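Letters go in sequence order (proteins before strands), and every chain restarts at 1. In this text the structure is predicted, and so the values were computed from the model without any measurement.
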Amino acid sequence: MKGRGPDFRRYASPPLTPRAAQSNLPGMGRYFLKRIATLFASLAVASLVIFALIEVVPGDPASFMLGINAAPDTLAALREQMGLDDPVWLRYLRWVAGLMQGDFGQSFTYKVPVTELLAARLQVSLPLALLALALASAIALPVGLWAAARRGRPSEVALMGMAQLGIALPNFWFAMLLVLVFAVKWRLLPAGGFAGWSDPLAALKSLALPAVALALPQAAILARVLRSALIETLGRDYIRTARAKGLSRAQALSRHALRNALIPVLTILGMQFSFLLAGAIIIENVFYLPGLGRLIFQAITQRDLIVVESAVMVLVCAVILVTFVTDLTYAAIDPRLRRRG
Amino acid sequence: MRPLLLLGAALSALALLAAALSLVWLPYDITQHAIAQRLQPPSPAHWAGTDLYGRDILSMLMAGAQVSLAVALVAVGIGAGLGVPLGLAAAAHRGSWIDELIGRGNDLIFAFPSLVTAILITASFGPSATNAIIAIGIFNIPVFARVARAGALSIWTLDFIRAARVAGKGRARISVEHILPNIASLLIVQGTIQFSLGILAEAGLSYVGLGAQPPTASWGRMLAEAQTLVVMAPHVALAPGLAIVATVLGLNLLGDGLRDALDPRLRGRVT
């Protein structure tokens with residue numbers, strides 16, 4: 001890179017984490033303030049986008065609740081009660097104010113507070129996402145390490161071939177095959193449904209197949225990222241130094257390379273967690289699980305818009321907050337990332 | 001030479017050929033039900049067997065390839081068509097408010113759970129292939145914007161760009177005339193990846209009934225219909241799944257192979 005003039009740092013290679021803008025003032029304080037400001041801006045814009053999206057959805061929730069034969073005055077009374085006749089901005093402000101106080105409104109169809117619904121559904125979705133993530137990491141970590149250590153050998157080619165296959169697998173199809181084998185043929189695990197956590201063993205059994213179906217494609221992605229991050233780190237000078245010091249390849253890999261390769265892996269893990277929380281929507285449909293995704297899916301079809309609005313907002317908030325915390329953590333660990341603004 | 005690239009190209013070509021052929025010819029008419037022939041296992045007459053209504057599954061797969069590929073391809077077109085100019089603009093004005101705005105906009109779209117939002121869009125505006133394209137296409141925009149920005153930033157550092165600036169060319173003109181051709185290979189590789197992701201997304205949407213509507217054949221809906229029959233006639237569920245896996249695998253191998261062939265520096269890197 002020498003000889004490109006004094007200016008070349010400004011145009012240095014693109015950032016690992018694609019954050020825009022370059023701050024010339026380093027330092028955690030300024031970085032923190034800037035990130036906090038964008039955090040709130042993102043949340044505000046996200047709430048506006050979600051509200052607007054719901055606003056343009058055709059279909060009046062009040063007439064949907066009462067059916068097509070409803071008397072006009074009953075309909076008008078209900079619209080009044082639900083606050084549907086108020087101006088758009090008032091309804092938006094009321095919704096946001098409610099969100100901030102933890103009041104997500106009342107479900108149109110279930111007639112219970114949305115908070116209650118979300119809490120009940122999270123009891124399924126959260127354990128499912130965590131289970132799938134743990135499973136995916138448990139598969140991906142040894143596979144990624146092995147593939148990086150045995151680069152170019154037949155075992156690496158075979159493992160990465162399987163990873164390619166795993167990525168190409170639609171998880172709901174894989175889920176159907178799992179049901180066919182483990183529930184129908186061998187009768188080891190239930191084919192669907194969820195009876196609650198009163199019997200923890202039965203609950204875990206109900207979540208086992210969905211978790212495997214979700215985990216395998218994620219594990220394939222994770223293993224590929226880990227492998228390529230490890231290979232890139234193994235080419236660095238400090239690894240050569242460690243080897244020169246007398247460490248074996250395996251020691252250099254586990255003591256030095258793994259820790260440095262974990263940053264991209266953790267980023268992917270963070271993204272996968274939020275994907276699993278919301279993205280289980282189709283898997284929850286395959287297994288008839290009463291999770292968050294199925295709640296949103298049913299609420300959309302029933303025009304229970306307040307539930308959709310609040311549930312999507314919770315998910316988006318979760319993603320934005322996870323990104324925020326990850327960014328701050330990285331910046332605290334690695335000062336190079338702070339400059340990227 | 002490059003066996004995986006060839007395998008990827010062959011599988012992708014197979015899917016494209018099946019889709020193209022289905023426009024003019026199918027082994028059997030899939031609009032006609034033949035209940036007497038229903039749920040037959042694979043045979044010389046029906047290579048992939050028949051479904052619940054006696055329709056030839058191979059013909060359904062070929063017709064379904066049309067929808068899957070068309071939806072994913074147009075969604076890539078939307079993503080690249082809007083995302084690449086945004087990414088180029090962000091790189092050309094690095095560090096300015098334009099760059100910041102585009103970057104934050106990308107972050108925002110990424111924060112939305114794509115599948116839930118796609119379901120929201122298709123459920124709200126009516127299930128159809130067009131709405132599936134829009135729902136998938138929106139989430140392709142930030143991907144292309146990021147790839148284009150990152151690629152463009154590294155080109156902007158090169159001497160020939162300085163020469164072009166000295167010659168008096170503006171940022172927009174440099175972006176189009178010099179940056180774009182140099183990041184084309186990056187974009188093509190990303191395009192094949194988004195293409196394969198689009199096929200998976202379309203399958204998921206039509207599986208829950210929000211993709212192309214009957215009588216149009218689609219791989220996802222074939223799987224949904226097969227779900228209750230999987231015990232009686234596993235071949236009904238196997239065939240569409242295998243078609244999806246083969247197409248997505250083919251496109252991914254093609255993308256990886258192209259990346260290695262076009263830019264050896266990126267070899268082995270995961271995008």
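Residues in residues 220-246 of chain B take part in these salt bridge (Lys or Arg N to Asp or Glu O under 4.0 Å) pairs, two or more places apart or across chains: Arg55(B)-Glu225(B), Arg221(B)-Glu225(B).
Heavy atoms of Val179(A) lying under 4.5 Å from chain B are absent altogether. Contacts between Ile300(A) and chain B at a heavy-atom distance below 4.5 Å involve the side chain alone, from C-beta outward. Thr247(B) does not touch chain A: none of its heavy atoms, backbone or side chain, sits under 4.5 Å away. Proximity to chain A involves both the backbone and the side chain of Leu238(B), based on heavy atoms less than 4.5 angstrom apart. The contact between Val184(A) and chain B is made entirely by side chain atoms (from C-beta outward), counting heavy-atom distances below 4.5 Å. Contact of Leu108(B) with chain A is made through the side chain alone, with heavy-atom distances under 4.5 Å. Ile167(A) touches chain B through backbone and side chain together, each having a heavy atom under 4.5 Å away. Contact annotation for Leu165(A): both backbone and side-chain heavy atoms come within less than 4.5 Å of a heavy atom of chain B.
Leu229(B) CG to Met176(A) CE: the interatomic distance, rounded to the nearest 0.5 Å, is 8.5 Å. Here the CG atom belonging to Leu88(B) is positioned 10.5 Å from the NE2 atom belonging to His93(B), to the nearest 0.5 angstrom.
Around the CZ atom of Phe160(B), the shell of radius 6.0 Å holds more than 12 heavy atoms that belong to other residues, nucleotides or ligands.
A donor-acceptor pair shorter than 3.5 Å cannot be found between the side chains of Asn171(A) and Gln218(A).
Highest contact tally toward chain A, considering only Leu197(B), Asn106(B), Leu242(B), is held by Leu242(B) [criterion: heavy-atom pairs under 4.5 Å].
Between the side chain of Glu202(B) and the backbone N or O of Val71(B), no donor-acceptor pair lies under 3.5 Å.
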